[in-house]
Amino acid sequence: MAFDESALLDIAPVDPAKCLPRPPVVTVMGHVDHGKTTLLDAIRNTDVASREAGGITQHIGAHTVNIDAGRIVFLDTPGHEAFTAMRARGAQATDIVVLVVAADDGVMPQTVEAINHAKAAGVPIIVAINKIDKAGASPDRVKQKLADYDLVPEEWGGDTIFIEVSAKEGTGINELLDVILLQADMLELSADPDRRAQGIVIESQLDKGRGPVCTVIVQQGTLKRGDVVVVGSEFGRIRAMTNDKGTWIKEALPSTPVEVQGLSGVPNAGDPLAVLPDLETAKRIAQFRAERARQEHLARSSKVTLEDLYSQLQQQEVMELKIVLKADVQGSIEAIRKAIGDLTTEKVKTVILHAAVGTVSEGDVTLASASNAIVLGFNVGVDTKAAIVAEQEGVQINTYNVIYEAIDEIRKAMHGLLKPVFKEHVTGHAEVRETFRIPKIGLIAGSSVVDGKISRGSMVRVLRDGEVMWEGRLVSLRRFKEDVREVEKGYECGICLDSFNDVRLGDVIEAFMLEETQPSM
Ligand code: GDP
């Protein structure tokens, strides 16, 4: 059944001329206990609108903060897990990452993970050095350490914004919000409010009283109460919408998080929302997606494996092999990083998205899944959850105990990324001496092989006065009435060509073979 989803969705390209600035959407990330939740609370408390409305913020998965200089939307789930899980589903809701680093604890493993996850997504990072009220706070040490990860403060010649805050005491929060808006300005975030809305699901649940509800961040257009929508594999008419202050609203502009009711079921976080002209179309798309998801589940769509990288990436000019690396000790990481780096050539690049000491975790697998990378484990195990997710997502985890083996496998995979080069070998020529037609078979060129040989498996081209008239395959090769495998120089034969019926006396049939050779890196 031919089903053209994009034709039904009919999403027109965004016209930049109609776009207006929109608020940034921010995710807070960082190591556990560095103060992400406290910071989000402190930020929530600065919001003028919610203070005026009595300070009641609803937990719908995201909230808007209004300050004098503008508005900012914060996703309520801190950390890189949710962020990357969404990305693995092809969705990106975040414009800016705020990286929280405790000034008394410094750069820790999840700090590095957060940096790598944000970088893999291409999202700019603002660093909030937190807990500066504490006795052991050392913001400069944090800055120095982060410079190793290319996060260099402006005063040291870099372009990363660092803000010192105390989430607990509420210091530096306004400054942080100001620089987020500044960064947003530089990103020139914009959307066209005047079109059919599109959005992205950030949270969803089945509510006892209200049925399926989900929180959507509007990304384009204006979402209106009464709109017909398709959301992932669900559809429906928006019966009611509330904002993060619990207020019923009729319209939601770009970058607004809203909780919507009226869907046929509960969609997944990361699912796209699109407004459609009628319920019937929405239903058809939803049903098609549900069926496709079912089929994909059956087929267990595979992501990148070392073996089939070639077929997936052959469209690109410079190939990239992306790697998530886990190892037993820092020394192994450095050794492998160096060896892998040395493998990079003009045509194939290796990119280590994330490298850390420890077992292969679920986070490693989601990062690899979201970025089409492979996971490499050296002298480490794979935790159970990671193995399950890898199986579900079709992510390949390769574990090694010998560095040489790991490097050798990677070299082979990189080599496999290169497009094979086809070299042509001319094997012989035949001259057409007469032509005749045989019913059901077609035109036969009675020919004499003048040099080399003609084989049944050959590719051939027909030359007339030195010009190529046709190129293709041999359909049959006969001597007298027998099918033969090949005919040598000096012998006569009957040649039938696939789909070419204009062979003439005096034409030359050139036979050649294509030999596939692997180019060198
Ligand atoms: P999360 O795991 O990153 O979400 O961290 P939390 O927000 O739960 O904070 C962990 C602990 O650090 C809590 O006991 C907080 O009270 C404390 N904390 C957070 N921010 C600050 C701060 O700015 N100063 C101090 N002294 N403690 C803080």
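Excluded from the calculations below are hydrogen atoms, water molecules and symmetry mates; all remaining heavy atoms, backbone and side chain alike, are included. Bear in mind the structure is a predicted one, so any value in this text is a computation, not a measurement. First listed ligand is number 1; within each ligand, the first listed atom is number 1.
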**Asked** Which one holds for His31 and ligand 1: side chain close, backbone close, both close, or neither close, with close meaning a heavy atom under 4.0 Å?
**Response** backbone

**Item:** Top protein contact for atom 4 (O) of ligand 1, by heavy-atom distance
**Value:** Thr37 OG1, 2.5 Å

**Item:** Residue, atom name and distance, where the atom is the protein heavy atom closest to atom 2 (O) of ligand 1
**Value:** Asp33 N, 2.8 Å

**Prompt:** Among protein heavy atoms, which lies nearest atom 27 (N) of ligand 1, and at what distance?
**Reply:** Lys168 CD, 3.5 Å

**Prompt:** So, for Asp328 and Val357, which heavy atoms are closest and what is the spacing to 0.1 Å?
**Reply:** O-CG1, 3.1 Å

**Asked** Are side-chain N/O atoms of Ser233 and Arg292 paired as donor and acceptor at under 3.5 Å?
**Response** no

**Asked** Are the side chains of Phe74 and Val65 in touch, meaning some heavy atoms are under 4.5 Å apart?
**Response** yes

**Asked** If you measure from each non-hydrogen atom of Asp133 to ligand 1, which part falls under 4.0 Å: side chain, backbone, both or neither?
**Response** side chain

**Request:** Ignoring hydrogens and angles, state whether a donor on the side chain of Gln330 or Glu334 is under 3.5 Å from an acceptor on the partner side chain.
**Result:** yes

**Request:** Return a yes/no value: protein heavy atom under 4.0 Å from atom 13 (C) of ligand 1?
**Result:** no

**Fill in**
Looking only at non-hydrogen atoms, the one of Lys131, Gln110, Glu169 nearest atom 21 (C) of ligand 1 is Lys131

**Prompt:** For atom 6 (P) of ligand 1, which candidate among Leu40, Thr38, Asp41 provides the closest heavy atom?
**Reply:** Thr38

**Message:** Check this for me - ligand 1, Val32, N or O atoms closer than 3.5 angstrom, yes or no?
**Reply:** no

**Message:** Tell me the contacting part of Asn130 for ligand 1: side chain, backbone, both, or neither, using a 4.0 Å heavy-atom threshold, strictly below.
**Reply:** side chain

**Prompt:** Within a reach of under 6.0 Å around CG of Asp41, are more than 12 heavy atoms found that belong to other residues, nucleotides or ligands?
**Reply:** yes

**Heavy atom of protein closer than 4.0 angstrom to atom 23 (O) of ligand 1** = yes

**Asked** Taking everything shown except Glu188 itself, do over 12 heavy atoms lie less than 6.0 Å from its CD?
**Response** no

**Item:** Close side-chain approach of Glu155 and Lys143, heavy atoms under 4.5 Å
**Value:** yes

**Item:** Lys134-ligand 1 polar pair, N/O distance under 3.5 Å
**Value:** no

**Prompt:** Roughly how far, to the nearest 0.5 Å, is CD1 of Ile352 from CG of Leu325?
**Reply:** 5.5 Å

**Asked** Between the side chains of Ser361 and Asp364, is a donor N or O closer than 3.5 angstrom to an acceptor N or O?
**Response** yes

**Message:** I'd like to check whether Gly35 has a polar contact with ligand 1, where a contact means an N/O of the residue lying under 3.5 Å from an N/O of the ligand.
**Reply:** yes

